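For reference, the structure discussed in these notes is given below.
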Amino acid sequence: MKSETTISRNAHWLVLCTCLLFAFQFSLFTSLQAQPYRVEHLGKTFNTSGSETGAIRVGDTILAYSSMPRSTGGNSQFHFDNAQMNIMQARISRNGKVARPKPCRWGLNSRRDHTGNLCIDPSSGDLYFTRARLDDPTLRCEIWYARKLKRGWDKAVRLQGDINGHDYTSTHPAVGRLHDGSAILYYASNRKDGIGGMDIWYTIVKDGTAGQSTNIGPQVNSPADEITPYYDQRTGVLYFSSDRAGGRGGHDIYCAVGQRNTWQKAEAVCGCLNSEWNDIYFTVTEHDSVFGIPLTGYLSSNRPTTDDSTACCNDLFQWHLNLDTTLVQDTTPAPDTNSTLNNKRSTLTFGFPLFLYFHNDEPDPTSRKSKTETSYADCQRHYASLRSEYLAHQKNAIERKEMEEFFDSCVEGNFRKVEALFDYIEGQLDDGHKVTLTVAGYASPLHRRDYNQTLSERRIASFINMLRSWRGGVLADAIGEHRLTIRQQPRGAVKQTAESKAADPVYSLQAAYARHIEIISCELTK
């Protein structure tokens, strides 16, 4: 078997050994001063002479990753017949100290399989990971699943449905949640009908079964290999690695804003994170509490270090935002073009789409009018005051935790983001730009179609009222003078799923996600 650093071998090696790679993208990184992030080797406590990859945090107390010792077959080669990948875990104390790692105790590792590429559902706590048979020379991988129990996890099982096959590899699971509460699984595969090599696909998972798999499209995938997806649930950004042309060398880290198969064009993150070697498994573990800017996370790389200059094998690295870095914001659009989501200041502080949520039938319950005098700010304050009432209607501790996170991140966190957006709009208007917001409105499917359509119009109107009254009306004149335009897209009720039909129509998480408006984009013109 060739060295891990040999590109022709990556199709096998990275298929097994790579896993997880705010809606902000490349423009965020390039809008900062040089070297805004620093990358630090995690040291010999975690990194061996073999290969360590895919570090993730499981809650606040566990660091988990994949490890494969160097085989006895040579200094820089792996022989899969006498080296085995397993998942490791290390406990993190309250003061942040990480204990010496040990083999995973959750029943995931197998004596007859390579096991790695662990990820966790941020909502349910379910685990997804990759297995490949030790005696399979093709290293065909499959994705497995372990359901979260009150204590620990259920016995791991092979994920059923349209995901694992006998003539292709499926690996590198990365899980998130859709706005209706469904679990969406992104993964890498060389299954047929792709764009080329390893592509990133997605499927909706329910009760341990995957639905139809869909290629996420040419905005992300290329004729080269795309691997190790990681979806940042908080910010709506997909990170992944690719060896496509135009990179710094090996596999570089890229990111794209979107969901399912609708994405902005992927761009490479800054050179301070990528190197001339293979950079994979990019993950985010901490965000800024107000704007959601990623502050720290992990990546894996075979870049040379002071401990080992051979660049044989992948090691674990931690990346941090350099707190001494000044955020430089370039708000000037390119000549003769519209500056939309790629505007550097826009993507620095908020990501699109930006969702704002409503309590049941608000504003103006039972009204048949498409307009309202209510401001969204009043709707949001009332909604936030109902936190305890919503928590009381949840059936168990997991649902209560999910609802707490919804109120913290969506009801209150997104309101702070929209206030920052208004600040941004005011600054752009002062600089002589014209601003166009595109806003869509939705309702839950409780009422008739005509009522839901009117309610979605009324919700958009409440947002416009908030715009008009912002800081005593500083934006009202811009609306009247058509320097600030709002494109309205009232869309009525969201599509109902079997899960949402069975849920509480008012207090469930599915219902809470359905009642919203969506700020789709912020476009600037001169």
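Keep in mind the model is a prediction, meaning the values are calculated, not measured. Computed over heavy atoms, backbone and side chain alike; hydrogens, waters and symmetry mates excluded.
- Inspection of the Ser67 and Glu52 side chains reveals an N or O donor paired with an N or O acceptor under 3.5 Å.
- With hydrogens and angles disregarded, no donor-acceptor distance shorter than 3.5 Å links the side chain of Asn221 to the backbone of Gly194.
- If you check the side chains of Asn117 and Thr171, you find a donor sitting under 3.5 Å from an acceptor.
- Counting heavy atoms from C-beta outward, Ser213 and Tyr187 have side chains that approach closer than 4.5 Å.
- For the residue pair Gln89 / Arg91, no side-chain donor-acceptor distance below 3.5 Å is found, with atom types taken as modelled.
- The shortest distance between side-chain heavy atoms of Leu42 and Phe317 does not fall below 4.5 Å.
- Among residue pairs with one or both ends in residues 99-110, those qualifying as side-chain hydrogen bond (donor to acceptor under 3.5 Å, both in side chains) are Ser110-Asp113; sequence neighbours excluded.
- Looking at Asp126 and Tyr145, their side chains come closer than 4.5 Å, going by heavy atoms from C-beta outward.
- For the atom pair CD (Glu399) and CG (Asp504), the distance works out to 9.5 Å, reported to the nearest 0.5 Å.
- The shortest distance between side-chain heavy atoms of Leu118 and Leu127 falls below 4.5 Å.
- Between the side chains of Asp199 and Asn215, at least one donor N or O lies within less than 3.5 Å of an accepting N or O.
- In this structure, Arg57 fails the cation-pi test against Tyr298, since its NZ or CZ atom is not both closer than 6.0 Å to the six-membered ring centre and inside 45 degrees of the ring normal.
- Ring-centre distance between Phe407 and Tyr390: below the 6.0 Å cut-off.
- In this model, a donor atom of one side chain and an acceptor atom of the other lie less than 3.5 Å apart for Ser242 and Arg244.
- For the residue pair Asn47/His41, the side-chain donor-acceptor check at 3.5 Å is satisfied.
- The backbone N or O of Ala511 sits nowhere less than 3.5 Å from a side-chain atom of Ser444 that would complete a donor-acceptor pair.
- The closest side-chain heavy-atom distance from Glu40 to Trp319 is not below 4.5 Å.
- Evaluation of the side-chain contact (heavy atoms from CB on, under 4.5 Å) rule for Lys150 yields no partner, not counting sequence neighbours.
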